[in-house]
Number of protein chains: 2
Amino acid sequence: MVILLDFQSDRPIYVQLKEKIIEGIASGRLKLGDPLPSVRSLAKDIGINMHTVNKAYQLLKQDGFIQIHRQKGVVVNPDGMPPADEVYISQLEENLRPLISESICRGMSEADFLSHCRRLFQDIQK
Amino acid sequence: MVILLDFQSDRPIYVQLKEKIIEGIASGRLKLGDPLPSVRSLAKDIGINMHTVNKAYQLLKQDGFIQIHRQKGVVVNPDGMPPADEVYISQLEENLRPLISESICRGMSEADFLSHCRRLFQDIQK
DNA sequence: TTATCTGTTATATAATTTGTATAACAGATA
DNA sequence: TATCTGTTATACAAATTATATAACAGATAA
């Protein structure tokens, strides 16, 4: 699995890494139970610090996307993904709201915005 | 115009302020040419520093949402809003991608995601 | 004219976040 | 025994965020 990060981005590296792994799961390239690299090896591969990888892993573990076993290593949660519960939905809407507001200001129609979402949905799911 | 900010949020105050003003324009509560409070008065109203407001205003000005005249004050850009050009679209998609990826992981259907977007669209436009 | 308001700029400071650098520990494996 | 795992601790540098004062120049109002 190749992970490309944008070091010029204003988005923190550990956030990008977390998002890339979630996208990997969403796309099906990473399946339930699949192993992930150790914090040290992944850090070496990407060329970043071990703790930066660990931070991303801890967030993923905290949200239920992965499991971390003392010596077995890290795996995509074999018991399934966390649900789209109320807490997640309201957080999702808080994140969508400013994106939609600006799109409206810039004259994008609802249909146009939905088209972009549809295309991304298909693109991510491969 | 009342502006409520979440000081506990991980989102910087000046970003929240910028987003609130854009949402105000999107909703129609702020119209082209409408005046905005001075940096000092708005800062005093909200209870934050003048420079924090100024930072939000500078970003809004840089993107073309507002105009700032030396002594006249600040107004919503009377010449219209910035367009949804290629640069904006690609930035929008970069922001949408992680939201959609996580929603897919959590088992949300495309139709369900689009419903949330539609509802927010209607909600923002009043 | 004087006083006040505007955006703007310049400094300085504190707190938090981000990322790196080493080191060590305990458990499992080869 | 040596190596690999996640974990934890400590320290440090850099950038970001937010505040605090202060001053300037142009416009407006008293």
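Note on naming: letters A, B, ... go to the chains in the order of the sequence lines (proteins, then strands), and numbering restarts at 1 for each one.
Rounded to a whole Å, the CG atom of N54(B) is 15 Å from the C1' atom of dT17(D). The NE2 atom of H69(B) sits 11 Å away from the P atom of dT8(C) (whole-angstrom rounding). We find that CG of D10(B) is positioned 9 Å from P of dT17(C), with the value rounded to whole Å. To the nearest angstrom, P of dT7(D) lies 13 Å from CD of Q62(A). When rounded to the nearest whole Å, the span between CG of L5(B) and C1' of dT19(D) equals 16 Å. If you measure from atom NZ of K44(B) to atom C1' of dA20(D), you get 16 Å, rounded to the nearest angstrom. A straight line from CD1 of I68(B) to C1' of dT9(C) spans 14 Å, rounded to a whole angstrom. In this structure, NZ of K61(A) is placed 13 Å from C1' of dT5(D), rounded to the nearest angstrom.
Side-chain contact, R29(B) with S27(B): a donor N or O sits under 3.5 Å from an acceptor N or O. Q122(B) and E110(A) share a donor-acceptor pair across their side chains, judged by distance under 3.5 Å alone.
Using five terminal pairs a side, the axes of the helix from dG7(C)-dC24(D) to dC25(C)-dG6(D) at its two ends make an angle of 30°, given in steps of 10 degrees.
The shortest distance between side-chain heavy atoms of F65(A) and R106(B) falls below 4.5 Å. Counting heavy atoms from C-beta outward, L36(A) and Y57(A) have side chains that approach closer than 4.5 Å. Side-chain contact between Q67(A) and V74(A) is absent, with no heavy atoms from C-beta onward closer than 4.5 Å. Taking the side chain as every heavy atom from C-beta outward, I100(B) and E23(A) never approach each other to under 4.5 Å.
Nucleotide dA28(C) forms a pair with dT3(D), judged by Watson-Crick or G-U wobble geometry with both contacts under 3.5 Å.
The side chain of Q58(B) places no N or O atom within less than 4.0 Å of a non-bridging phosphate oxygen (OP1 or OP2) of dG7(C).
The shortest heavy-atom contact between I104(B) and F121(A) is CG1-CE2, 3.6 Å. When every heavy atom of G80(A) is checked against every heavy atom of L32(A), the shortest pair comes out as CA-CD1, 3.8 Å.
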Which parts of nucleotides 19-30 of chain C does protein reach within less than 4.0 Å, heavy atoms only, written one letter per nucleotide 5' to 3' as B for base, S for sugar-phosphate only and - for none? SBBBBB-BBS--

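For R11(B) and E19(B), the salt-bridge test passes: some basic side-chain N is under 4.0 Å from an acidic carboxylate O.
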